[in-house]
**Q** 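Can you read through this structure? Questions will come right after.
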Amino acid sequence: MEDKSLIKDAGKMVGSGVFVQVVAFLLIILLGRLYNEEQMGTLGLFLAWAGLLSITSGGRYEHAIVVSNNEDDASTLFSLSILINGGCFVILLPICLGINFLLPSTHYSRMQGYILLLPLFVLLQGIVNSLCMLRLYQKHYNKLSLSQALQGLSNNLLKVLLGLRMATVASLIGASFMALILGGIPLLRFQSNRRALTLDKGRLKQAATRYANFPRYGILQALIDNLLGSLFILMLPLSYSIKEVGILTMAITLARRPLQIIGDNLSRVYYQRLSEKCNQRQELLPMIKKFAIRWICLSIPVFGILALFMEKLVVAFVGPLWGKTGFVIVAMLPMLIPNFLNMIFNIIPDVLGKQKINMNIQIGMIIFESIIIGLGLWLMSFDEIIPFYYLFVCIEQSVFFIILIRLAREHDTTIRQHHIS
């Protein structure tokens with residue numbers, strides 16, 4: 001019965017996502033022919049910086065909504081995250097203005113002007129994230145799946161439509177803005193949102209104290225987690241041109257981002273389900289292992305076949321301009337197997353209240369990756385650094401998933417000992 005319920009809820013979240021990804025994937029045929037490597041590279045840098053900044057915009061209190069014990073706590077945490085988002089927006093405005101004047105003398109000169117849009121993009125992203133977590137707590141999976149579908153579909157569709165009129169970086173970033181807004185609309189329930197918002201200082205302070213572990217350990221952990229996904233893009237301009245950044249961005253768009261969207265949807269369902277199990281003092285590992293085994297058995301043969309034809313497929317799909325993208329994806333494929341599992345189950349430390357342990361692990365990972373990238377940038381060409389980097393990241397991601405399994409096993413052992421006693 002539990003499996004059927006899980007499959008039903010996951011199906012709601014992933015089903016529309018799969019359809020959207022198929023449509024969005026087909027639209028990339030036009031994207032690859034409308035925009036060049038420099039334009040895609042600039043977009044990749046913008047989104048990488050926005051992703052990092054959005055981590056702190058809600059103080060991670062939006063994630064506490066899902067594990068809150070009652071509706072009052074959930075509503076207060078939602079209000080708290082919205083207020084922190086507004087505060088971050090005000091702080092970021094003058095910072096981005098100052099950085100904008102310094103950009104021409106740096107490796108990131110192509111970001112000049114566009115960086116001024118970051119505060120607004122981060123604010124919108126933070127509000128949508130808070131709404132997503134509130135709807136997840138309320139188990140409104142239909143609204144969440146519709147939101148994801150609208151955002152995913154409109155993202156590439158708008159890039160194509162705007163690109164047909166004028167294929168510029170502004171069109172790419174503008175499409176990202178509009179897709180984010182469209183994705184937030186289904187999450188709005190104006191009557192319930194007004195009830196959810198509170199400015200009661202006592203309640204806000206109480207909630208901030210009770211769930212203090214989320215900002216205390218979660219912000220740094222999430223920053224590192226996000227940085228692990230974007231560090232390569234952010235450091236690439238230090239040794240290579242914006243064209244190489246564009247090639248890597250297109251590879252991520254074709255291979256990693258579709259899995260990321262599906263993984264994020266599944267993660268939200270598992271976050272809610274594993275939180276329930278933890279609160280009810282039930283074992284977590286059987287649910288995790290069942291999914292992991294199925295994914296590994298499916299992905300290894302499928303990815304193996306794709307690797308044989310990937311470079312030709314990419315050229316046929318997005319055009320000869322992006323031929324090297326196929327080479328990058330082939331190097332990336334083995335890493336995606338453990339990485340997809342971590343996209344879904346990296347919520348285990350939050351569920352178990354082990355944020356500090358996870359933070360320390362993530363710090364180790366970022367140091368490890370920084371060393372690998374630094375060595376590659378210093379010693380290797382672009383063609384050499386790609387397989388070098390993704391080989392070590394594959395090993396790193398595999399080790400991280402094993403650690404997540406061990407955390408779940410320790411929890412289950414404690415539960416069994418409690419039941420016996």
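Counting begins at 1 with the first residue of the sequence. Given the structure is predicted, the values throughout are model-derived calculations rather than measurements.
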**Q** Go through the structure and list residues passing ring pair (Phe, Tyr, Trp, His ring centres under 6.0 Å) with F177, not counting sequence neighbours.
**A** F121

**Q** Can you measure from CZ (F89) to CG (L120) and round to the nearest 0.5 angstrom?
**A** 6.0 Å

**Q** What pairs of residues pass the side chain to side chain donor-acceptor pair (under 3.5 Å) test when at least one of them lies in residues 391-406, not counting sequence neighbours?
**A** N339-Q397, N342-Q397

**Q** With a 4.5 Å limit on heavy-atom distance, are the side chains of I296 and L341 in contact?
**A** yes

**Q** For S130, check side chain to side chain donor-acceptor pair (under 3.5 Å) against everything at least two apart and list the hits.
**A** S81

**Q** Return yes if some donor-acceptor pair links the side-chain N/O of D412 with the main-chain N/O of L285 below 3.5 Å, else return no.
**A** yes

**Q** Only distances under 3.5 Å count here; give the side-chain donor-acceptor pairs of residues 243-251 to other protein atoms, sequence neighbours excluded, each with its distance to 0.1 Å.
**A**
unit_1: E244; atom_1: OE1; unit_2: S241; atom_2: N; d: 3.0
unit_1: E244; atom_1: OE1; unit_2: S241; atom_2: OG; d: 2.5
unit_1: T249; atom_1: OG1; unit_2: V245; atom_2: O; d: 2.8

**Q** Quick test of your reading: applying side chain to side chain donor-acceptor pair (under 3.5 Å), list the pairs with at least one residue in residues 39-48, sequence neighbours left out, ordered by first then second residue.
**A** none

**Q** Using ring pair (Phe, Tyr, Trp, His ring centres under 6.0 Å) as the criterion, list what pairs up with Y35, not counting sequence neighbours.
**A** none

**Q** Enter the distance from I357:CD1 to I403:CD1 here, rounded to the nearest 0.5 Å.
**A** 10.0 Å

**Q** Would you indicate whether the side-chain heavy atoms of E311 and V315 approach each other to under 4.5 Å?
**A** no

**Q** Please confirm whether the backbone N or O of K143 pairs with a side-chain atom of S147, one donor and one acceptor, at under 3.5 Å?
**A** no

**Q** Which value, rounded to the nearest 0.5 Å, describes the distance between L407 atom CG and I402 atom CD1?
**A** 12.5 Å

**Q** To the nearest 0.5 angstrom, please state how far the CD1 atom of I372 sits from the CG atom of L377.
**A** 11.5 Å

**Q** Does A50 offer a backbone N or O that forms a donor-acceptor pair with the side chain of S54 under 3.5 Å?
**A** yes

**Q** Give, for atom CD1 of I367 and atom CD of Q362, the distance between the pair rounded to the nearest 0.5 Å.
**A** 12.0 Å

**Q** Could you list all the ring-ring contact (aromatic ring centres under 6.0 Å, His included) pairs where at least one residue sits in residues 313-336, not counting sequence neighbours?
**A** F25-F317

**Q** Applying side chain to side chain donor-acceptor pair (under 3.5 Å) as the test, list every pair that has at least one member in residues 84-102; sequence neighbours left out.
**A** S57-N85

**Q** What pairs meet the side chain to side chain donor-acceptor pair (under 3.5 Å) rule with one or both residues in residues 163-185, with sequence neighbours excluded?
**A** T168-S171

**Q** Could you grab the distance from atom OG1 of T253 to atom CG of L43, nearest 0.5 Å is fine?
**A** 7.5 Å

**Q** For S230, which residues count as a side-chain contact (heavy atoms from CB on, under 4.5 Å) partner, sequence neighbours excluded?
**A** A48, L52, N226, L227, L234

**Q** Would you please name every residue forming a side-chain contact (heavy atoms from CB on, under 4.5 Å) with V128, sequence neighbours left out?
**A** C132, L180, L187

**Q** Indicate the ring-plane relationship of W295 and F303, choosing parallel, tilted or perpendicular according to the 30° and 60° boundaries.
**A** perpendicular

**Q** Ignoring hydrogens and angles, write down the donor-acceptor pairs under 3.5 Å from the side chains of residues 380-393, residues two or more places apart or on other chains.
**A**
unit_1: S381; atom_1: OG; unit_2: E384; atom_2: N; d: 3.4
unit_1: S381; atom_1: OG; unit_2: E384; atom_2: OE1; d: 3.4
unit_1: D383; atom_1: OD1; unit_2: K324; atom_2: NZ; d: 3.0
unit_1: D383; atom_1: OD2; unit_2: K324; atom_2: NZ; d: 3.3
unit_1: E384; atom_1: OE1; unit_2: S381; atom_2: N; d: 3.0
unit_1: Y389; atom_1: OH; unit_2: E369; atom_2: OE1; d: 2.8

